[in-house]
Amino acid sequence: MNPNLSVPRVVDLRSDTVTLPTAAMRRAMAEAEVGDDVFGDDPTVQRLEARTADLLGKEAAVFVPSGTMGNQIALRAHTEPGDEIVVESEAHIYYYEGGAPAALSGVMCRCVAGRRGVFRGTDLESVLRPPDVHFARTRLVCIENTHNRGGGSLWPLEAILDVAATARRHDLRLHLDGARLWNAAVATGIPERDYAAPFDSVNVCFSKGLGAPVGSALAGTREFIARARRFRKQFGGGMRQAGLLAAAALHALEHHRERLAEDHAHARYLAAALARLPGVGIDPDAVQTNIVRFQVTRQSAREWVETLAAAGVRVLATGPDAIRAVTNLNVNRADIEYAAGVLARVAASEARQTQSSPQADEDPAVPPNSSSAPR
Ligand code: TLP
C-alpha cells in the first residue's frame, strides 16, 4: 500500500513563490562551482548574469537576493531623492514593497490607474508636468509584465511601445518589473528580449514560476549595472558563495521555462471550473497566465480561505471579497482537479447556507487586516 495515501492532500496555490527545489535542481546546487561573489570570484553567478543579460538582450545583469531588491536598486540607480516615479496604482513596486521607494530612494510615487495593470501613453502624459521649481522632477516610468494584481495580465507589446514613446518624448527612463516576464514570453511567444528592448532596466525573478528557491536579476547597460552593483552592496544584497543559488536559477532557466505553459493551462482549467460555481465572480477569458483572481459573495474572502485551507487547498485573500490562486511547478493536473472539486463543494455548501440563512442579504463584515495574507 502506498503510505502517502493516508497523508491528506495539500494543494498550495497561494503563490508561485511556494515551490520547492526539485531533486535535479538540488543536485545542480550541490555541484556548483562557487567563490566569493562580492570579490567577483563566483563563476556560477557570472554565468547566470551573462545568460540572463543575453536572454533579455541587455549588456549586463547583476544577481540579487529578491525581486523587491532588484526593483528597488533600479529605482535608486535611476533617481535622486526628491524625484518622482510613475507607477501603475496596483503595481508591486507601489503596493507590496513596504514603502521602499520612499524609504530607500527618497522618491515620490505618482500613480496611473491601469486596466488590469495596463495603461497607455496618454495616461502617462496626463500625470506629467512641465519642468518647474514647484514640481518634483519626474524621472522614471515603471511597467509590470505580467501584472500581479491585474491577475497575471499581459501587456500588449504595442501598449508598451506607446508608453515608451511618450516616456522618451519627455526624457524619462523606463523600468520593467518582469518578475513573471517568463510567463509573458511563454503565453505570447514574444521573446523576453523583445519585451525588454524598450526598457533601460529589467528585473526578472527566478523564484516565481521558474521554481528556484531564491534570486532575481537586474539587467541594463554595463554602466547602469556597475552603478546598480554599488547600490546592491549598500542595500546589503552582496552575497558571498551565491553560486549555490545561481546554479538553481540556471537550472530553472534551462529546464522550467517552457513548462510554464502547463501552469497557464492549469490556470485556465481552474478559471473555467470557477465560472460554473454559484457565488463566484470570474471572467475566465481574463486569465492569461498563471494567476487566477476571483470574487466571492456572502462569505468573506477570509472565511473562504479558511474553509478551503481546512480542505487542503491553500489560496490567498487579496481583498475583502477577492481571492487569488496561482498555479505553479509543484501542482499537477490531478492537484488542480482536486482543488476545483474542493472549490465546488465549498461554493455549493455556502450557497445552501445562504438560502437557509435569514441574513442572506447582508454584506459580509470583514474586519480590516483580518488576515496576514497580502491583499
Ligand atoms: N510577489 C509576491 C508577493 O510579494 C505578493 C507574490 O506572491 O506574488 N514583482 C512582482 C510583480 C511580484 O509579484 C513580486 C512578488 C515581486 C516583484 C517581488 O519579489 P520578491 O518576493 O522576490 O521580493
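We use all heavy atoms of the structure for the numbers below, so side chains are in, but hydrogens, waters and symmetry mates are not. From a predicted model like this one, the values you see are computed outputs, not experimental measurements. Counting starts at 1 for both ligands and their atoms, in listed order.
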Enquirer: Have a look at ligand 1 and work out which part of Ile93, if any, has a heavy atom under 4.0 Å from it: side chain, backbone, both or neither.
Expert: neither
Enquirer: Looking at His92 versus His147, is the centre-to-centre ring distance below 6.0 Å?
Expert: no
Enquirer: Got Asp335 and Arg9 here, is their nearest side-chain heavy-atom distance under 4.5 Å?
Expert: yes
Enquirer: Tell me, please, which residues at least two apart from Trp155 pass ring-ring contact (aromatic ring centres under 6.0 Å, His included).
Expert: Phe119
Enquirer: Run the numbers for me: atoms of ligand 1, each under 4.0 Å from some heavy atom of Tyr96, listed by number.
Expert: 5 (C)
Enquirer: Can a side-chain donor-acceptor contact be found between His175 and Asn203 if the only test is distance below 3.5 angstrom?
Expert: no
Enquirer: Around Arg129, counting heavy atoms of other residues, nucleotides and ligands shown, do more than 12 lie under 6.0 Å from its CZ?
Expert: yes
Enquirer: If the contact criterion is a heavy-atom separation under 4.0 Å, does Arg324 count as touching ligand 1?
Expert: yes
Enquirer: Do Thr122 and Glu125 have side-chain N/O donor and acceptor atoms under 3.5 Å apart?
Expert: no
Enquirer: What are the atoms of ligand 1, with element, lying closer than 4.0 Å to any heavy atom of Ser66?
Expert: 22 (O), 23 (O)
Enquirer: Can you confirm, on distance only, whether ligand 1 has an N/O atom lying under 3.5 Å from any N/O atom belonging to Met69?
Expert: no
Enquirer: Under 4.0 Å from a heavy atom of Ser15: give me the atoms of ligand 1 that qualify, with their elements.
Expert: 6 (C), 7 (O), 8 (O)
Enquirer: Quick one: list whatever passes ring-ring contact (aromatic ring centres under 6.0 Å, His included) with Phe224, sequence neighbours left out.
Expert: His78
Enquirer: Between Asp16 and Asn290, do the side chains contain a donor N or O and an acceptor N or O under 3.5 Å apart?
Expert: yes
Enquirer: So, is Lys208 polar-close to ligand 1, with some N/O to N/O distance under 3.5 Å?
Expert: yes
Enquirer: Within the structure, does Asp177 bring an N/O atom to less than 3.5 angstrom of an N/O atom in ligand 1?
Expert: yes
Enquirer: Work out whether the distance between some heavy atom of His147 and some atom of ligand 1 is less than 4.0 Å.
Expert: no
Enquirer: Would you kindly specify which portion of Thr68 sits under 4.0 Å from ligand 1, judged on non-hydrogen atoms: side chain, backbone, both or neither?
Expert: both
Enquirer: Out of Glu144, Arg14, His92, who gets a non-hydrogen atom closest to atom 17 (C) of ligand 1?
Expert: His92
Enquirer: Any nitrogen or oxygen of Thr17, side chain or backbone, less than 3.5 Å from one on ligand 1?
Expert: no
Enquirer: Is Glu97 near ligand 1, meaning one of its heavy atoms is under 4.0 Å from it?
Expert: yes
Enquirer: Between Arg193 (side chain) and Leu56 (backbone), is there a donor-acceptor pair under 3.5 Å?
Expert: no
Enquirer: Any nitrogen or oxygen of Ser216 lying under 3.5 Å from a nitrogen or oxygen in ligand 1? Just yes or no.
Expert: no
Enquirer: Please confirm whether Arg149 makes a cation-pi placement over Tyr95, using NZ or CZ under 6.0 Å from the six-membered ring centre and within 45° of the ring normal.
Expert: yes
Enquirer: Mind checking whether Thr146 has an N or O less than 3.5 Å away from an N or O of ligand 1?
Expert: no
